[in-house]
Undergrad: 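One structure, as structure tokens, below. Some questions next.
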Amino acid sequence: QVQLVESGGGLVQAGGSLRLSCAASGRTFSVYIVGWFRQAPGKEREFVAAISGSGMTTTYADSVKGRFTISRDNAKNMVYLQMNSLKPEDTAVYYCAARPSTVLFTTASDYHTWGQGTQVTVSS
């Protein structure tokens with residue numbers, strides 16, 4: 001089973017960009033799908049993006065489509081979330097999650113392993 005560690009969060013002005021990273025341990029990372037989720041204070045955890053084990057298939061929440069890009073480098077056991085044109089409503093703790101699968105999932109309860117999260121704050 002993999003372990004996940006997120007990094008790259010921070011404070012950015014609206015319209016700015018951040019790149020989040022998710023570092024995974026384990027030797028069979030390519031069989032795991034990885035999702036990014038976020039949770040704002042007082043709100044439920046929501047899906048942001050997911051990527052297949054090969055990196056060939058991705059899916060996004062409508063709220064981030066066209067602004068965020070998920071990618072992965074299996075040689076480095078890394079998954080990235082490039083976030084552009086950030087808005088104050090993107091402020092949240094961002095989590096990466098993983099599970100072995102050939103199908104992408106967009107529901108948090110479908111993921112087995114989670115990182116500790118990284119805070120993203122977008123000021124207006």
Side-chain angles (χ1 to χ4, degrees):
Q1 183 164 328
V2 298
Q3 293 183 320
L4 305 172
V5 178
E6 302 96 333
S7 61
L11 173 64
V12 64
Q13 289 188 332
S17 298
L18 281 175
R19 188 177 82 156
L20 304 183
S21 298
C22 175
S25 63
R27 291 180 290 178
T28 58
F29 184 55
S30 61
V31 305
Y32 287 77
I33 64 169
V34 176
W36 283 99
F37 292 79
R38 65 188 182 186
Q39 188 165 18
K43 295 188 177 181
E44 292 188 354
R45 193 167 297 190
E46 66 172 352
F47 170 75
V48 174
I51 190 166
S52 63
S54 67
M56 295 295 290
T57 305
T58 59
T59 188
Y60 297 90
D62 287 343
S63 59
V64 306
K65 204 170 292 183
R67 299 188 299 123
F68 291 11
T69 302
I70 189 171
S71 62
R72 67 191 294 161
D73 184 341
N74 285 340
K76 297 180 179 179
N77 278 15
M78 296 291 295
V79 174
Y80 306 99
L81 185 68
Q82 178 67 44
M83 306 186 296
N84 299 329
S85 302
L86 282 161
K87 306 174 181 180
E89 51 264 42
D90 294 318
T91 295
V93 177
Y94 283 70
Y95 301 88
C96 64
R99 65 163 289 165
S101 177
T102 57
V103 177
L104 291 182
F105 292 94
T106 61
T107 303
S109 59
D110 287 320
Y111 285 81
H112 302 164
T113 303
W114 291 81
Q116 83 290 349
T118 185
Q119 176 71 47
V120 171
T121 303
V122 184
S123 63
S124 58

Undergrad: Distance to the ring centre below 6.0 angstrom and angle to the axis at most 45 degrees; does that hold for Arg45 and Phe37?
TA: no
Undergrad: Okay, side chain of Asn74, backbone of Ser54: is any donor-acceptor separation there less than 3.5 Å?
TA: no
Undergrad: Checking Arg67 against Asp90 for the side chain to side chain contact (heavy atoms under 4.5 Å, CB included) test, could you report, in this order, the C-alpha distance in whole Å, the side-chain angles of both residues, the deciding distance, and whether it holds?
TA: CA-CA 11 Å; Arg67 299 188 299 123; Asp90 294 318; 2.8 Å; yes
Undergrad: Would you check if the side chain of Glu6 reaches a backbone N or O of Gly117 as a donor-acceptor pair within less than 3.5 Å?
TA: yes
Undergrad: Quick check: are there more than 12 heavy atoms from other residues, nucleotides or ligands sitting under 6.0 Å from CD of Glu46?
TA: yes
Undergrad: Do any N or O atoms from the side chain of Thr58 and from the backbone of Ile51 form a donor-acceptor pair under 3.5 angstrom?
TA: no
Undergrad: Checking Asn77 side chain against Gly26 main chain: does a donor-acceptor pair fall under 3.5 Å?
TA: yes
Undergrad: Given Arg99 and Tyr111, is the side chain to side chain donor-acceptor pair (under 3.5 Å) satisfied, shown in steps?
TA: CA-CA 5 Å; Arg99 65 163 289 165; Tyr111 285 81; over 6 Å; no
Undergrad: Could you please spell out the steps behind the side chain to side chain contact (heavy atoms under 4.5 Å, CB included) verdict for Phe29 and Val79?
TA: CA-CA 10 Å; Phe29 184 55; Val79 174; 3.5 Å; yes
Undergrad: Other hydrophobic cluster members with Val5, side-chain heavy atoms of Ile/Leu/Val/Met/Phe/Trp/Tyr under 4.5 Å, chained?
TA: none
Undergrad: Do Arg38 and Leu20 come close enough that some side-chain heavy atom pair is under 4.5 Å?
TA: no
Undergrad: Answer yes or no: are there more than 12 heavy-atom neighbours, outside Glu44 itself, under 6.0 Å from its atom CD?
TA: no
Undergrad: Between the side chain of Arg72 and the main-chain N/O of Gly55, is any donor-acceptor distance below 3.5 Å?
TA: no
Undergrad: Run Ser21 and Met78 through side chain to side chain contact (heavy atoms under 4.5 Å, CB included) and show every step you take.
TA: CA-CA 7 Å; Ser21 298; Met78 296 291 295; 3.6 Å; yes
Undergrad: Output yes when a side-chain donor or acceptor of Thr106 lies under 3.5 Å from a complementary backbone atom of Phe47, and no otherwise.
TA: no
Undergrad: Tell me, yes or no, whether the heavy-atom count around Lys43 atom NZ, taken from other residues, nucleotides or ligands under 6.0 Å, exceeds 12.
TA: no
Undergrad: Does the distance from a Lys or Arg side-chain N to an Asp or Glu carboxylate O, for Lys65 and Asp62, drop under 4.0 Å?
TA: yes
